[in-house]
There are 2 protein chains.
Amino acid sequence: MAKSDSLHHFQGIDVSQAGSASSIVFETLKQAIITGELKDGTPLKQEELAKKFSTSRIPIRESINRLEQEGLVKTIRYKGAVVASISLKEVEEMFDLRALMEREVMLKAVPNLTDDQIDEAEKYCLEFASAKTSGDWTDTNRKLHHALFQASDMTFHLSVLNTIYDRTERYLRAQLSFSNGADRAVDEHHTLIELCRAKDAAGAAELMFQHVKHAKRSLLEFLPPDSK
Amino acid sequence: MAKSDSLHHFQGIDVSQAGSASSIVFETLKQAIITGELKDGTPLKQEELAKKFSTSRIPIRESINRLEQEGLVKTIRYKGAVVASISLKEVEEMFDLRALMEREVMLKAVPNLTDDQIDEAEKYCLEFASAKTSGDWTDTNRKLHHALFQASDMTFHLSVLNTIYDRTERYLRAQLSFSNGADRAVDEHHTLIELCRAKDAAGAAELMFQHVKHAKRSLLEFLPPDSK
DNA sequence: TTATTGTAGATTGGATCCAATATTGTTAGG
DNA sequence: CCTAACAATATTGGATCCAATCTACAATAA
């Protein structure tokens, strides 16, 4: 039954899911892998991790299972789990798919965007432009994209996009701490916001497509030409 | 008591044969959900499943975790897991994404297709046309698409497509056992093969796009207009 | 020397037990 | 008759122990 509506602020906060040891370990490890704190190939030993988290091996095992299902780790029976690496070809594929999907998402999002949402996006756009660390960069970039995408109401597309972000973020970070080739991205972001304000869905979609293709290109020329 | 006997299929499946218990349980449950043997909302009780598979609850728990990560079940802490249902909106989204991706995949696959691969696809095309059960239908359909897609060498795209197939197959089956609206699909498949032989990548890609959109439309008009 | 075999340690996979929590049914009180 | 507190039961979450398997390294024989 619908309880008093004055509590609707808490929509989406699920305490019961937050508490389990498995979830905490899972989220922590996931973040560590995404950010690159745990580098490709790092072995994830259950006993060792159990000590670090002060739990038994059970929640560790479940976390590793879930991480494997998301493609972030690779395990071999009786041998152990390591942080999964990603091939150059897969990076290309993921960016190509991102470009394709983000174009489509923008097409649907722009007509629905409220002024507030655009303002929020612009805020992240500015934060992005003045971000110092590669972590801030990827964070605000994700927030910016997310703010624009929300209006599309394409939850499945967004979940796929999120797994792509998760699996490529550490490489983006590595790139950005060497070359600061974010200048073009800043310009593109500003133009993107303008097109959104003008409700030019087709234009915004096409720019987003190119924007992702540009990001792909600059990442590829940074990555070692034969990375596995 | 009236225990749910929707799980009686698993009688006699024992772990001691090969592979890890978890993997066996996982694959078996996954197939049962995909095919619709286990219907939406069916509760997956750990103890009950443990008995059916003659193992402890541990492999069951791991399987349920992995299934949840793939979106096939939904669990609530201390409450249990149920086979996940899918909203009409998500079905639409998944088919839209399929159309988008399969067009792209065909575009890359056609130039690389060998005569052998096309022959194989045509074989499935014929099997598909004479398939009797909805299970045969979805099986050969998957094989046909897979045979054509292999030449694209787009492994990540294909993995995403596979999860989409996995999550929508049971609805397709349900549709096909009522309406046999596969006639149009048969025609489209034949034309598709011809375009592949003619190396008309653009044409094949566009037909594939339309083919998926048609499948979407006929599925949607079959599904209840307010399915959750 | 070299290949093979065997043993010890390390590491994951699975089973059983206990704890935490939700659900249901029951009872006391209004 | 209805509601709220409470006990009983069912079910999942986690810890500890044991089993299965892999890896390294040493010992032995050709």
Side-chain angles (χ1 to χ4, degrees), chain A residues 1-4 10 13-30 33 38 41-70 72-84, chain B residues 1-7 10 12-30 33 38 41-70 72-84:
Chain A
M1 273 307 192
K3 303 207 170 186
S4 160
F10 302 126
I13 299 179
D14 189 350
V15 178
S16 58
Q17 286 295 348
S20 90
S22 284
S23 318
I24 295 175
V25 173
F26 172 68
E27 292 298 337
T28 309
L29 286 179
K30 182 172 169 178
I33 294 175
L38 286 173
T42 306
L44 300 176
K45 310 204 179 177
Q46 296 180 2
E47 198 114 21
E48 184 183 329
L49 289 170
K51 273 183 194 140
K52 290 205 192 273
F53 284 98
S54 335
T55 84
S56 81
R57 277 171 42 219
I58 297 285
I60 310 291
R61 281 161 67 173
E62 295 195 347
S63 302
I64 290 179
N65 268 326
R66 291 162 70 182
L67 289 168
E68 169 150 43
Q69 214 62 25
E70 290 207 350
L72 290 171
V73 315
K74 180 117 185 61
T75 81
I76 301 174
R77 200 164 128 95
Y78 295 119
K79 180 130 189 286
V82 297
V83 177
Chain B
M1 285 284 207
K3 295 199 169 187
S4 147
D5 74 341
S6 51
L7 302 174
F10 303 138
I13 296 181
D14 203 334
V15 188
S16 50
Q17 300 171 13
S20 84
S22 285
S23 321
I24 294 175
V25 174
F26 173 69
E27 293 298 337
T28 309
L29 287 178
K30 182 172 170 180
I33 295 175
L38 287 174
T42 307
L44 301 176
K45 310 203 180 183
Q46 296 180 3
E47 199 115 20
E48 188 181 346
L49 289 169
K51 275 185 194 136
K52 301 265 181 207
F53 284 100
S54 335
T55 82
S56 81
R57 276 172 43 221
I58 298 285
I60 309 292
R61 281 161 65 175
E62 295 196 347
S63 302
I64 291 179
N65 269 325
R66 289 163 71 181
L67 288 169
E68 169 151 44
Q69 214 63 23
E70 289 206 351
L72 291 172
V73 316
K74 179 112 182 63
T75 81
I76 302 174
R77 198 165 130 99
Y78 296 119
K79 182 130 187 285
V82 297
V83 177

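All values derive from a computational prediction rather than experimental measurement. Quick note on labels: first sequence line is chain A, next is B, and so on, each numbered from 1.
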S22(B) side-chain N/O to dG14(C) phosphate OP1/OP2 under 4.0 Å: yes
Write down the distance between CD (E62(A)) and P (dG14(D)), rounded to a whole number of angstrom. 7 Å
Less than 4.5 Å apart, any side-chain heavy atom of R66(A) and any of E70(A)? no
Would you say the side chain of V25(B) lies within less than 4.5 Å of the side chain of L49(B), judging by non-hydrogen atoms? no
Between P of dG13(C) and NZ of K79(A), the distance in whole Å: 13 Å
Between C1' on dA15(D) and CD1 on I58(B), what's the gap in Å once rounded to a whole number? 10 Å
Can you see if the side chain of Q46(A) gets near the phosphate of dG13(C) - specifically, an N or O under 4.0 Å from OP1 or OP2? yes
Polar side-chain contact R57(B)-dG14(D) base: donor and acceptor under 3.5 Å: no
Looking across every strand, which nucleic acid part, if any, lies under 4.0 Å from T55(A) by heavy atom: base, sugar-phosphate, or nothing? sugar-phosphate
Whole-Å distance separating the CZ atom of R61(B) from the P atom of dA15(D): 10 Å
Report the distance from atom CG of L49(B) to atom P of dT11(D), rounded to the nearest whole Å. 12 Å
Give the rounded distance in Å between these two atoms: CD1 of I76(A) and P of dA10(C). 21 Å
Compare all side-chain heavy atoms of L44(B) with those of V73(B) and state whether any distance is below 4.5 angstrom. yes
Starting at CG of L44(A) and ending at P of dT11(C), how long is that distance when rounded to a whole Å? 13 Å
Can you tell me how far P of dG13(D) sits from CD of E68(B), to the nearest Å? 10 Å
Which heavy atom of A84(B) sits nearest a heavy atom of K74(B), and at what distance? CB-N, 4.1 Å
